[in-house]
Amino acid sequence: MRVFVALELPQKTKDNLERSQNQFAELSCGGNFVKKDNFHITLHFLGNVQPSDLIYIQSAMDQIAHLPAPELAVTQFAMLRASDIVCAKLRQNAELTALHDMLGDKLESSGFEVEHRAYRPHVTLIRKKSFTLPFSEVTKSVKVYNMPFYACDVVLYESVFGQQGASYRELYKVTLQPNER
């Protein structure tokens, strides 16, 4: 099974991202638009794992549940470098970085491979995008709804491919601690 660990977005944030995505759609001449229910912030993509190994991922997730939920906000829309993916970039913050790093350490100590490149949190909105105008011009017409939000739930998802594209099935969830700010 193909799995990843991600932060679940609050419904209001998903709604705001969908509003922006709809503005992109008006300016688009093609692309695969990610379903609102699939919006998330990937912490670690693990790829294909055996079902019997899920317990080790769940244990790693349990070990980070004491961390505070990070406060996040969308800062801009961008294309991922060397790809045709449009995403909502998020403001970096120490709590998110600590969450990513600690989870990566726990997963790695359980025998999973994790990427060691710089973590760039984002939410994928469109794959295989196509616009008639340069992307820099397109983004001038798309509003960023950047209301800050707390991402409280860390979820282990299975990515299931079907005729309608990928859908994500929740396998396990831990809730981070409320932020006391």
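Because the structure is a prediction, the values reported are computed rather than measured.
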side-chain contact (heavy atoms from CB on, under 4.5 Å) evaluation trace for Leu171 with Ile57: CA-CA 11 Å; Leu171 300 175; Ile57 301 168; over 6 Å; no
Working for side-chain contact (heavy atoms from CB on, under 4.5 Å), residues Val74 and Leu17: CA-CA 9 Å; Val74 173; Leu17 287 170; 4.0 Å; yes
side-chain contact (heavy atoms from CB on, under 4.5 Å) between Gln21 and Phe33, intermediate numbers included: CA-CA 8 Å; Gln21 187 187 53; Phe33 288 75; 3.6 Å; yes
Full working for side-chain contact (heavy atoms from CB on, under 4.5 Å) between Met79 and Lys129: CA-CA 9 Å; Met79 285 183 11; Lys129 62 84 186 146; 3.2 Å; yes
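Around the NZ atom of Lys12, the shell of radius 6.0 Å holds no more than 12 heavy atoms that belong to other residues, nucleotides or ligands. At most 12 heavy atoms of other shown residues, nucleotides or ligands fall within 6.0 angstrom of atom CD in Glu113. The environment of NZ in Lys89 is sparse: at most 12 heavy-atom neighbours from other residues, nucleotides or ligands sit within 6.0 Å.
Between Ile41 atom CD1 and Leu99 atom CG the span is 10.0 Å, to the nearest 0.5 Å. Here Leu7 contributes atom CG and Phe149 contributes atom CZ; the two are 8.5 Å apart, rounded to the nearest 0.5 Å. Note that CG of Asp53 and CG of Asn48 are 11.5 Å apart. Values are rounded to the nearest 0.5 Å. Atom CG of residue Asn32 and atom OG1 of residue Thr124 lie 12.0 Å apart, to the nearest 0.5 angstrom. For the atom pair Ser110 OG and Asp105 CG, the distance stands at 11.0 Å (nearest 0.5 Å). Distance CG/Asn16 to CZ/Phe39: 10.5 Å, rounded to 0.5 Å.
One side chain, Asp62 or Tyr172, offers a donor N or O that lies under 3.5 Å from an acceptor on the other. Under 3.5 Å, the side chains of Asp15 and Gln11 contain a donor-acceptor pair of N or O atoms.
At least one side-chain heavy atom of Phe77 sits less than 4.5 Å from a side-chain heavy atom of Ser20. Taking 4.5 Å as the limit, every side-chain heavy atom of Ser28 sits out of range of all side-chain heavy atoms of Ile126. In this structure, Leu27 and Thr132 have side chains that are not in contact, with every pair of non-hydrogen atoms separated by 4.5 Å or more. Residues Leu103 and Met61 form a side-chain contact, since some pair of their non-hydrogen atoms from C-beta on lies under 4.5 Å apart. Proximity of Ser141 to Gln23: side-chain heavy atoms (C-beta onward) are nowhere separated by under 4.5 Å. Residues Val114 and His116 meet the side-chain proximity criterion, which asks for heavy atoms closer than 4.5 Å.
No path of Ile, Leu, Val, Met, Phe, Trp and Tyr side chains, each step under 4.5 Å between heavy atoms, connects Val174 with Tyr168, placing them in separate hydrophobic clusters. Cluster annotation: Val5 and Tyr157 are assigned to distinct hydrophobic clusters (Ile/Leu/Val/Met/Phe/Trp/Tyr, side-chain heavy-atom contacts under 4.5 Å, transitive). If you chain together hydrophobic residues whose side chains sit under 4.5 Å apart, Val138 and Leu80 never meet in one group. Phe45 and Tyr56 end up in different hydrophobic clusters when Ile, Leu, Val, Met, Phe, Trp and Tyr side chains are linked at under 4.5 Å. Neither Leu156 nor Val160 shares a network with the other; the hydrophobic side chains, linked directly or stepwise wherever heavy atoms of I, L, V, M, F, W or Y lie under 4.5 Å apart, form separate groups for each.
A salt bridge does not link Asp84 with Arg127: every distance from a Lys NZ or Arg NE/NH1/NH2 to an Asp or Glu carboxylate oxygen is 4.0 Å or more.
Remark: the backbone N or O of Ala98 is not paired with any side-chain donor or acceptor of His100 at under 3.5 angstrom. A donor-acceptor pair is defined here as one N or O able to donate and one able to accept, closer than 3.5 Å; no such pair exists between the side chain of Glu71 and the backbone of Glu95.
Taking the six-membered ring for Trp and the full ring otherwise, the centers of Phe4 and His44 sit at least 6.0 Å from each other.
Among residue pairs with one or both ends in residues 140-164, those qualifying as salt bridge (Lys or Arg N to Asp or Glu O under 4.0 Å) are Glu137-Lys140, Asp153-Lys173, Glu158-Arg169; sequence neighbours excluded.
Nearest heavy atoms, Val86 versus Phe135: CG2-CE1, 3.7 Å. Here the closest non-hydrogen pair linking Leu9 and Lys14 is O-CE, 3.6 Å. Nearest approach of Ala60 to Leu107, heavy atoms of both residues: CB-CD2, 3.8 Å. Minimum heavy-atom separation, Leu125 to Phe24: CD1-CE1, 4.4 Å. When every heavy atom of Glu170 is checked against every heavy atom of Val155, the shortest pair comes out as CG-CG1, 3.4 Å. The two residues Leu176 and Leu67 have their closest heavy-atom pair at CB-O, 3.4 Å.
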